Amino acid sequence: MKIQQWIMQHKNHLTLINGLLILLAGVSKFLFTWTFGYQIAMLIASVIGMLPIFLQAYQALRVKVISIDLLVSVAIFGALLIGEYNESAIVAFLFLFGSFLEQKTLEKTRTAIHSLTQMAPKSALKITNDGSTESVEIDDIAKGDRLLVKTGAQVPVDGIIDEGEGYLNEASVTGESQQRKKEKGDDVFAGTFLDNGTLKIVTKRVGEDTTFGKIIELVEEAQDSKSNAERFIDKFAKYYTPAVLLLAFIVGIFSQNIRLAITILVLGCPGALVIGVPVSNVAGIGSGAKSGILIKGGEVIDKFSKVDTFVFDKTGTLTMGKPSVSAVKNYTDNFTESLKITASIERESNHPLGQAIVDYANVSSYVPVDQTNVVKGQGIIATLSDKKVLIGNQSLMVDHHVSLSKSVKKDIHQLQSTGHSLVMVAINGQLSLLIGIKDQIRPGTKETLAHLKQTGIKDLIMLTGDNQETAESIAQELGITKVYGNLLPENKADYIRQLQKKGHQVAFVGDGVNDSPSLALSDVGIAMGGGTEVAIETSDVVLIKSNFERIAKAYHLTKKIALNMQENIMIALATVLLLLIGLIFGYIYMASGMFVHELSILIVIFNGMRLLLGTKKKA
C-alpha cells in the first residue's frame, strides 16, 4: 500500500523521468547509433510510465469502472511483450503528460475558501455591564451583546447601531465603493469597515449566520457543485475501452495471431485523442494569456463556448469603481474661483463626493476657510473672508432661500435622470455651480456589450447593490436588457440559480469579494484583474488589467478552442478507426500503423498550435 501511495504521489516526477529517458534513447540512437542503449532506455521508460497508469486502471476496476487507463495499460504491456519498447514508452508518456496538463488546470480555484476565511473578523470589543470594553473572540459573541467599533476597525457581526454614527465601507458585502453614512437604527454587516466615526452596535447575527459568513458558504457550495464534472474521455472510455479489448481478444482467438491482437491494442490506443484535447486547451489558454485573458482549464473552455446569458456586477465591472466628477454646470462669471472655493471647503470633509470634487479641481493652492458647519443630511455651510458658501443638496439650497430658476431645475432633472449624485454650490446666496458625480463607465463597455449581442448572446443582465434608479440609468446607456438593484450577495446568487434552472448557460462578470458566490456558482465566472484576490481565485476566467473589451475576445476564443478540440477528437477517432479496419483486412501492419499513429499525433498537435499562430498573426 505504501508503494502504491508513493507511486501516485510522485506521478508527475515519474512522467518527467519517462520523458527524459525517451529523450536519452533518441540521443543514443540518432547521435551515437547505439541501438542497445536506445532499447534499454525505452524499456525502462515504459516500465516507469506504466506504473501509475496501471494503478489508476486497478483502482477503477475495484469500483467496477473500465477506464481508458486499462486500455493504455494493456497496450503498453502488449507492446512490451512483442518488443516494441519505443511505442510502449511514447504511449505512456503521452497519456501521463495529458493527465498532468489537465490536473494543473483544475487546481486553480481551491484557495478561494481559505482567502475568504482569512478575511472574516476574528475578534470584537464587547461592552461590559459597567461600560468598559474587553476584546473577545468572535465565537464568544452572542445575539444581543453590545459591541464597540472604532474608526478604521472591521465590523465583527451583523447588528444594528445603538449609539453613534459614521461612514462605512461596505464594498465587501454590497460591492459598492461609495461610503455609506450610518446612524442609530441602521443595520451594519460583518466584514465591512468603519472609515470614520465610532459606533456601538447590538449583535443580531454572528459567525456563519452573518452576511459575510453566507458569502463563504455560498462559495463552498458552488465550488463543490462544479468539481464533479466528468471528462469527455472518461465517458468515451466506458464504451471504447471494452470494445477494443473485445476486438483484440476476438481477433487473437480466431486468427491465432497473438502479435496481431497486441498490434490492435497498441494501435487502438488513442494517442492522438489523449494528447489532442490537452494540446488544444494549452494552446488556447496560451493564446488567451498573450491577449490578457487567463482561462482556468479545459472544462471552462467547454462551458464558456456554450454561454447564452451574461450577468454583470456594476461597480468595478461595468464602471471604474470610483466616483468622479463627470458634469459641471456653471452659473457665475468666475468659474475658476468658484471651483477653487468649493475644493478648499471639501478638502476638509471626508465625504467621498467631496474627495471627487477635490480631485477634479486639482488646484495648486487653496483658499483659507474660517469656519465649517456640517448640516446633517444636507451638506456644509462654510465662511471664508467675506463669503458665505453653501455646498450640498437641493434641500440645503431651499432652506437657505437660494433661488433655482427653471433652467437650473431642468439641469438638475437632466443630471439626476442620468444617474448623477448632485452637489450644489451657492456663494453669498447665489447658485454658482451644479456638480454631477457618478461612477464612470469603463472604456469600450458599450461596444463590447453590443458585440456580445451580435454573437448570439440572448440576455445581458446587471445585478448590483446600488439603487434601482442609478442602475437603470447605466443599463439604458449601455443597452443592457435587464437590471436589478439593491441586491445583497445571496440575492445575486439566487438569481443565478433561477437562470440555470431555466436552462440558461450563465457567465457572471464581477470583481469584488461580494461577487465571489456568483462567480463560483455561475457556469463561468469572469473576474476583472483589478478586483480582489478572492474574486480572481474563485473565477474561471480572469481579465488581466481589467480590460473589459477582452470579454468578447475571451468568448470568441473559447468557441475557437472548443471547435479545435472537436476537430482533434474527430481526427483521433478517424485515425483509430482506419487503423483497425486496415489491420483486420490486411492493409496495415505494425510499421505502417505506427507511422500513421504517430502522424495523427503530430497532426492534432499542429492543429492545436494554430490557435497560437493565429494570435501571432493578429498581433
Side-chain angles (χ1 to χ4, degrees), residues 1-25 40-80 85-115 117-118 220 223-238 241 269-271 273-279 281-282 285 294-300 537-538 540:
M1 183 62 69
K2 290 183 178 180
I3 295 176
Q4 293 181 19
Q5 291 177 350
W6 186 90
I7 290 173
M8 297 312 297
Q9 287 173 358
H10 294 82
K11 179 181 173 183
N12 293 338
H13 294 105
L14 295 175
T15 303
L16 177 61
I17 294 171
N18 173 269
L20 291 175
L21 284 169
I22 292 173
L23 181 63
L24 180 62
I40 292 298
M42 285 295 190
L43 175 60
I44 298 173
S46 300
V47 174
I48 290 174
M50 185 174 68
L51 290 175
I53 301 172
F54 174 79
L55 284 177
Q56 289 171 177
Y58 171 70
Q59 290 167 356
L61 284 173
R62 289 185 63 184
V63 293
K64 300 179 182 180
V65 174
I66 300 176
S67 66
I68 201 168
D69 302 88
L70 178 62
L71 176 58
V72 176
S73 298
V74 174
I76 293 172
F77 187 72
L80 286 173
Y85 304 144
N86 57 342
E87 184 68 17
S88 59
I90 291 172
V91 167
F93 175 75
L94 289 174
F95 187 79
L96 289 173
F97 186 63
S99 298
F100 168 77
L101 292 175
E102 187 162 9
Q103 170 197 339
K104 288 301 178 183
T105 57
L106 294 177
E107 291 178 350
K108 302 268 185 194
T109 62
R110 289 293 119 188
T111 57
I113 302 292
H114 177 71
S115 299
T117 304
Q118 291 297 104
E220 288 175 334
Q223 287 199 333
D224 287 342
S225 69
K226 294 177 75 171
S227 62
N228 299 321
E230 287 190 274
R231 297 175 300 173
F232 165 79
I233 295 176
D234 286 333
K235 294 180 181 179
F236 173 78
K238 290 180 182 178
T241 300
C269 178
L273 182 63
V274 169
I275 197 64
V277 173
V279 79
N281 292 341
V282 171
I285 290 169
L294 178 59
I295 303 172
K296 298 182 179 180
E299 188 177 357
V300 175
E537 290 178 345
T538 310
D540 303 302

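This structure is a prediction, so every number in the text was calculated from the model and none was measured.
- To the nearest 0.5 Å, the span separating CG on Asn18 from CD1 on Ile90 amounts to 9.5 Å.
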Donor-acceptor contacts, no H, no angles, side chain residues 42-55, under 3.5 Å, sequence neighbours left out:
{"residue": "Ser46", "atom": "OG", "partner": "Met42", "partner atom": "O", "Å": "2.8"}
{"residue": "Ser46", "atom": "OG", "partner": "Tyr85", "partner atom": "O", "Å": "3.2"}
{"residue": "Ser46", "atom": "OG", "partner": "Ser88", "partner atom": "OG", "Å": "2.5"}
{"residue": "Ser46", "atom": "OG", "partner": "Ala89", "partner atom": "N", "Å": "3.0"}

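- For the atom pair NZ (Lys11) and CD (Gln56), the distance works out to 3.5 Å, reported to the nearest 0.5 Å.
- Scored by the side-chain contact (heavy atoms from CB on, under 4.5 Å) test, Leu16 finds Leu20 as partners (sequence neighbours excluded).
- Residues passing the ring pair (Phe, Tyr, Trp, His ring centres under 6.0 Å) test with His13 are His10, sequence neighbours excluded.
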